[in-house]
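The residues of the chain are indexed from 1 along the displayed sequence. Predicted model only: the values in this text are computed from it and were never measured.
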Amino acid sequence: MQDFAASFPEAFRLVMGLNPGLLEIVWLSLRVSVTAVVIAAIIGLPMGAFIAVSRFPGRGVVIVTVTALMGLPPVVVGLVVYLLLSNAGALGPLQLLYTPTAMIIAQTILVVPIIAALTRQTLEDLNAEYRDQLMLFGLGPLSRLRTLLWEGRYSLMTALLAGFGRAIAEVGAVIIVGGNINHVTRVMTTAIALETSKGNLALALGLGIVLVVLAFAVNALVYLLRAAAERSAYA
């Protein structure tokens with residue numbers, strides 16, 4: 001077990017020295033999380049937009065369901081994806097278990113409801129605010145939707161950043177389907193858990209520092225985007 005006081009300088013040395021092992025883990029974490037958020041955006045943005053501007057039987061149930069899924073327990077998602085990708089599962093022949101792809105699938109499932117729910121709320125509010133003006137201009141459904149998406153661009157980017165924050169900090173689901181394999185599926189959160197259990201506090205703290213910096217950066221971007229949205233609304 002390393003001395004606790006000595007671990008902090010060693011952790012900063014690893015970060016500032018761009019330790020190759022640390023960079024490899026950080027790069028894989030970013031690659032997996034960004035990919036998951038991009039896929040989740042492709043699914044969640046149209047889903048949220050459709051729910052926001054459409055009226056259909058059971059819409060209320062769909063809204064409640066999507067909102068409730070924002071709090072999906074990660075370990076349950078990990079278990080479901082594991083069952084699907086295991087040799088006995090429906091997607092077993094694809095041999096995706098314990099690969100970065102499996103981690104991307106798990107993170108995507110967790111992020112889609114966040115993006116869809118926030119998109120729905122944003123566009124529904126804008127639709128209520130601009131409905132009369134849009135109808136006055138005689139815009140068709142697609143033109144109205146494009147206008148609403150543009151007007152809500154800052155809030156929608158906030159939704160994407162919220163999804164990224166959820167993905168990059170995820171540990172339960174990715175460790176079940178990824179397995180925390182060195183040089184293959186080891187990401188920051190799983191590496192922190194492993195290195196802490198091994199007593200390698202320097203590397204765990206170094207990864208923790210990077211994770212906290214990323215969290216601050218995401219929240220700073222969210223704050224700046226909200227400020228930009230408010231300036232745009234009152235311009």
Side-chain angles (χ1 to χ4, degrees), residues 1-41 71-86 94-112 114 160-222:
M1 177 73 74
Q2 287 181 261
D3 179 69
F4 185 74
S7 298
F8 281 96
E10 179 64 14
F12 280 105
R13 191 188 64 78
L14 289 175
V15 174
M16 301 306 293
L18 301 178
N19 178 270
L22 185 142
L23 289 181
E24 181 187 37
I25 294 171
V26 172
W27 168 243
L28 180 61
S29 302
L30 292 174
R31 186 161 62 89
V32 168
S33 297
V34 170
T35 305
V37 171
V38 170
I39 296 173
L72 265 176
V75 290
V76 174
V77 172
L79 178 60
V80 171
V81 175
Y82 177 88
L83 293 174
L84 286 172
L85 299 183
S86 64
L94 299 177
Q95 296 292 305
L96 295 176
L97 198 60
Y98 302 132
T99 67
T101 303
M103 299 157 72
I104 291 170
I105 294 172
Q107 289 192 0
T108 301
I109 293 173
L110 289 169
V111 174
V112 164
I114 295 173
L160 298 182
L161 288 173
F164 176 77
R166 172 71 182 265
I168 196 72
E170 175 47 41
V171 58
V174 296
I175 202 169
I176 292 175
V177 301
N180 198 22
I181 303 171
N182 196 21
H183 304 304
V184 180
T185 59
R186 185 164 296 170
V187 293
M188 284 189 285
T189 50
T190 59
I192 289 172
L194 176 69
E195 299 302 332
T196 301
S197 67
K198 289 164 57 180
N200 187 3
L201 296 180
L203 182 55
L205 283 170
L207 291 167
I209 291 169
V210 175
L211 199 55
V212 170
V213 169
L214 284 174
F216 270 104
V218 169
N219 280 282
L221 276 175
V222 169

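Rounding to the nearest 0.5 angstrom, the gap separating the CG atom in L207 from the CG atom in N200 is 9.0 Å. Taking CG of N180 as the reference point, atom CG of L194 lies at 5.0 Å (rounded to 0.5 Å). In this structure, L205 CG and E195 CD are separated by 11.0 Å, a value rounded to the nearest 0.5 Å. Here the straight-line distance linking atom CG of L84 with atom CG of L79 works out to 9.5 Å at 0.5 Å rounding. Atom CG of residue L211 and atom OG of residue S29 lie 8.0 Å apart, to the nearest 0.5 angstrom. In this structure, CG on L110 lies 4.5 Å from CZ on R166, to the nearest 0.5 angstrom.
Applying the side-chain contact (heavy atoms from CB on, under 4.5 Å) test to L160 and every residue at least two apart in sequence or in another chain returns A41, I115.
Minimum heavy-atom separation, T189 to I168: CG2-O, 3.7 Å. Of all the heavy atoms in Q107 and V174, the pair that sits closest is NE2-CG1, 3.5 Å. M103 approaches G178 most closely through the heavy-atom pair CG-CA, 3.8 Å. Shortest non-hydrogen contact noted between V32 and P100 is CG2-CB, 4.2 Å. The two atoms that bring A173 and P74 nearest to each other are CB-O, 3.2 Å, heavy atoms only. Of all heavy-atom pairs spanning V177 and Y82, the tightest one is CG1-N, 3.8 Å.
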(request) Kindly indicate, with the supporting measurements, whether the criterion side chain to side chain contact (heavy atoms under 4.5 Å, CB included) is fulfilled by L203 and K198. (result) CA-CA 11 Å; L203 182 55; K198 289 164 57 180; over 6 Å; no
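The shortest side-chain heavy-atom distance between I114 and F164 does not fall under the 4.5 Å cut-off. In this structure, T99 and V184 have side chains that are not in contact, with every pair of non-hydrogen atoms separated by 4.5 Å or more.
Using modelled atom types, no side-chain atom of T190 and backbone atom of R186 make a donor-acceptor pair closer than 3.5 Å.
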